[in-house]
Amino acid sequence: MAVLLVILAAASGCVVAARITLLIVTVRGGSMHPTFHHGDRVLVARRGPRALVKNVVVLVRLPEALNPTGSRNGPSLVLKRVVALPGDTAPGGVPVPPGHVFVVGDAEDSYDSRHFGPLETDLIQGVVLTKLRKAPRMG
């Protein structure tokens, strides 16, 4: 679903328009437990790597070579938390090169940058905005 946001800047009297695509993503697996659980739904804003800050949860497209299931069905989408930005030293003393981030799951047994190293920022598909509430059961 694409949303056109219009922000009025009162101080300058100008109008700035930005187009942001929002996605609803269903969490699969437990790598982000306890923050998110299997079956939770989250709202993701498609944003470029310029919007990245530490501690934000992102939707990452893991390349086929890093797919933890060993599947050859192409890339998989996973949620991870950004813990180090370009130029930082990540946990374990790993330097994060330009154009990369170090991402981890909230669960200790998460398959993340502790296993495959820093990821290219181009693999980040968006930033999680919020967890969606479950709809009440009807009937």
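For the numbers below, each heavy atom of this structure counts, side chains included, while hydrogens, waters and symmetry mates do not.
- Between Val83 and Lys54, the closest heavy-atom pair is O-CD, 3.9 Å.
- Residues Val78 and Phe116 fall within the same hydrophobic cluster, defined by Ile, Leu, Val, Met, Phe, Trp and Tyr side chains chained together at heavy-atom separations under 4.5 Å.
- Atom OG1 of Thr26 is separated from atom CZ of Arg41 by 6.5 Å, given to the nearest 0.5 angstrom.
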Using the rule given for side chain to side chain contact (heavy atoms under 4.5 Å, CB included), can you reason through Asp106 versus His33, listing the C-alpha separation, both sets of side-chain angles and the distance that settles it, and then say yes or no?
CA-CA 6 Å; Asp106 288 352; His33 181 78; over 6 Å; no
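- Using a 4.5 Å cut-off on side-chain heavy atoms (C-beta onward), Leu59 and Leu79 make contact.
- When atom types are taken as modelled, the side chain of His38 and the backbone of Gly29 share a donor-acceptor pair closer than 3.5 angstrom.
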Could you walk me through whether Val101 and Ile124 pass side chain to side chain contact (heavy atoms under 4.5 Å, CB included), step by step?
CA-CA 9 Å; Val101 291; Ile124 297 193; 3.7 Å; yes
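- Here the side chains of Ile24 and Leu43 are in contact, with some heavy-atom distance below 4.5 Å.
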Can Val128 and Val56 be said to form a side chain to side chain contact (heavy atoms under 4.5 Å, CB included), step by step?
CA-CA 7 Å; Val128 173; Val56 70; over 6 Å; no
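- Closest approach of Val57 and Met32 over heavy atoms only: CG2-CE, 3.9 Å.
- Counting heavy atoms from C-beta outward, Leu119 and His100 have side chains that stay 4.5 Å or more apart.
- Put simply, the side chain of Ser113 never gets that close to the backbone of Phe102: no donor and acceptor are under 3.5 Å apart.
- For the pair Val42/Thr130, no side-chain contact is recorded, criterion being any heavy-atom separation below 4.5 Å from C-beta on.
- Among the candidates Leu77, Val44, Leu132, the single residue satisfying the side-chain contact (heavy atoms from CB on, under 4.5 Å) test with Val25 is Val44.
- If you chain together hydrophobic residues whose side chains sit under 4.5 Å apart, Tyr111 and Val104 never meet in one group.
- Here Asp112 does not pair with Arg81 in a salt bridge; the nearest charged N to carboxylate O distance is not below 4.0 Å.
- Between the Lys80 side chain and the Ser110 main chain, no donor and acceptor come within less than 3.5 Å of each other.
- Closest of all the heavy-atom pairs between Pro95 and Pro118 is O-CG, 4.0 Å.
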After noting the C-alpha distance and the side-chain angles of Arg46 and Leu23, does the key distance pass the side chain to side chain contact (heavy atoms under 4.5 Å, CB included) rule?
CA-CA 7 Å; Arg46 298 280 305 233; Leu23 306 170; 3.3 Å; yes
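- In this structure, the side chains of Leu62 and Val60 come closer than 4.5 Å at one or more pairs of heavy atoms.
- Atom OG1 of Thr35 is separated from atom NE2 of His37 by 8.5 Å, given to the nearest 0.5 angstrom.
- At least one side-chain heavy atom of Leu22 sits less than 4.5 Å from a side-chain heavy atom of Leu129.
- Hydrophobic clustering (ILVMFWY, side-chain heavy atoms < 4.5 Å, transitive): Val94 and Val96 are in one cluster.
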